[in-house]
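Keep in mind that what you see is a predicted model, and the values were worked out from it rather than measured. First the proteins, then the strands, lettered A, B, ... as listed; each starts at 1.
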Number of protein chains: 2
Amino acid sequence: MQSSSPAGRAGRPRSAAADAAILAATRAALVDLGWSKLTLGDVATRAGVAKTTLYRRWSGKNELVVDAVAELFDELELPDRGSLAADIEGVVLQFAAILARPEARSGLMAVVAESTRDEVLRERIRTSIVERQKRLVLEGRARAQARGELPPEPDAAEAARTADLIFDMVAGAVVHRTLVSAETASGDWVRSLTRVLLWGLTSRPDEPGDG
Amino acid sequence: MQSSSPAGRAGRPRSAAADAAILAATRAALVDLGWSKLTLGDVATRAGVAKTTLYRRWSGKNELVVDAVAELFDELELPDRGSLAADIEGVVLQFAAILARPEARSGLMAVVAESTRDEVLRERIRTSIVERQKRLVLEGRARAQARGELPPEPDAAEAARTADLIFDMVAGAVVHRTLVSAETASGDWVRSLTRVLLWGLTSRPDEPGDG
DNA sequence: GGCATTACGCTACGACCCGTAGCGAAAGCG
DNA sequence: CGCTTTCGCTACGGGTCGTAGCGTAATGCC
């Protein structure tokens, strides 16, 4: 059977241009129609491909939108702005800018909602979207520890729990601010968020208000 | 025309029992089918009413699910546990318990996603769900100020901005932890979240790490 | 009690979308 | 040149949507 080509089987190869066109058409349809009114037939027409071609590559609407939205987060990276506070503010502003785009707003929340009843979809979202964001938290902390802004963590498990907490707080706050409260994540707001986070993480345990 | 009855017009009144049955059936359908596979015909059958009756009261799936999910948050209240930290932990645990229910998980995120393209729906979510949660933040702060745990705020606008920030951080963190990271908001996690928040809010501005 | 008014249950309907099957043509590989 | 796979196109049964129409049930007003 497959003798020479490593991954490419015999026969006509799939068009890479079609993949890009379909994902772009999906984002355009999300902008124009939103999640619930988006139909795969319409996406195929926008992309200039047959509906059957679309179904050969994606099993359904959920998977298609996950891939289309995931590409939006490709531009996320951790800039080196010299201090932990500035690094956090920079990446949060990037994240907020992505969530300000209508194709991200309507698409991301919808697939997350669907993922509560679809374990495979949830894993797809995790690997293609969430894990990439969480990596920024780990990189930012490592960089801050190298700078001496944060102390090294002796307990690896505790360090992982803290990173998860920070990730949920930052990403959750931005998402909630943008999609639920429907307010823009302005520079002032991001600075306030960063201030609370950093003071909360670096303050000494002076038993403030505990019984 | 309408001479005596204040709000009730002439004719057969709408069945209040039908309203309750429809909303309960909607939640049951959310548990069994999730958002995307939920159909209004199925909800009507579950509730024991005709499909036309359902359409006479709700304009569509979005509005129906908002009302069905909103009832889940009726039980939210601010317990007086003696300290600000304990109060926060209590209400966050209540919030997390609601979000642990499948009808809330699949329904809430879906309507929020739809609300990004529907201003009327967004306002409906705000008044019936979000604003009720935000009120707990304001009550909790007022109680903490009465206890002397927090200083009084001279600037009302700044106080409102801080309350909005705290609300987005708390609600966003719990939602993100529960629905995106798909981990339970355990007691340990809630205590860690509360610790970061309180230290972040009560620490003195000693310029920690700023240039 | 009779009457107007409104809600209700039921059926039926056109419109739309889904997801798939089948076909002939096109584009690669050996 | 064959073999294989993809592609575009058409067509189809099945399901849901949202509405219209009808007869019936329940209330307020006289």
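- Side-chain N/O atoms of B:R14 include one lying less than 4.0 angstrom from OP1 or OP2 on C:dA7.
- In this structure, the CD atom of B:E63 is 14 Å from the P atom of D:dC17, given to the nearest Å.
- Taking the side chain of A:R12 as heavy atoms from C-beta on, and the options C:dC8, C:dC18, D:dT6, the nearest nucleotide is D:dT6.
- Distances were taken from every side-chain heavy atom of B:T39 (C-beta onward) to each of C:dA7, D:dC17, C:dG19; the shortest belongs to D:dC17.
- Distances from the side chain of B:P13 to the nucleotides D:dT27, C:dA7, C:dG9 place D:dT27 closest.
- In this structure, the side chain of B:E63 does not engage the main chain of B:W58 through any donor-acceptor pair within 3.5 Å.
- Summarising the geometry, the separation between CZ on B:R57 and C1' on D:dG18 is reported as 18 Å, rounded to the nearest angstrom.
- No hydrogens or angles considered: nothing links the side chains of A:E131 and A:T127 as a donor-acceptor pair under 3.5 Å.
- Look at CZ on B:R56: it is 14 Å from C1' on D:dA26, rounded to the nearest Å.
- We find that CZ of B:R46 is positioned 20 Å from C1' of C:dG9, with the value rounded to whole Å.
- Both B:G41 and A:T53 lie close to DNA chain D; mapped to their nearest nucleotides by heavy-atom distance, the more 5′-ward contact belongs to A:T53.
- For B:T52, no side-chain nitrogen or oxygen approaches OP1 or OP2 of C:dG9 to under 4.0 Å.
- Atom pair A:D19:CG and D:dC7:C1' shows a separation of 13 Å (rounding to whole Å applied).
- Between B:L198 and B:I88 the shortest side-chain heavy-atom distance falls below 4.5 Å.
- Of the two residues near DNA chain D, B:G11 and B:K37, the one whose nearest nucleotide lies more 5' is B:K37.
- Between B:R141 and B:E153, at least one side-chain nitrogen of the basic residue sits less than 4.0 Å from a carboxylate oxygen of the acidic one, meeting the salt-bridge criterion.
- Distance NZ (B:K61) to C1' (D:dT16): 10 Å, rounded to an integer number of Å.
- The listed nucleotides are C:dC10, C:dC17, C:dG19; the one nearest the side chain of B:A50 is C:dC10.
- Between the side chain of B:K51 and the base of D:dG18 there is at least one donor-acceptor pair of N/O atoms closer than 3.5 Å.
- Between A:D74 and A:R132, at least one side-chain nitrogen of the basic residue sits less than 4.0 Å from a carboxylate oxygen of the acidic one, meeting the salt-bridge criterion.
- Protein atom CG of B:D42 is 20 Å distant from nucleotide atom P of D:dG14, rounded to whole Å.
- Atom pair A:Y55:OH and D:dT6:P shows a separation of 18 Å (rounding to whole Å applied).
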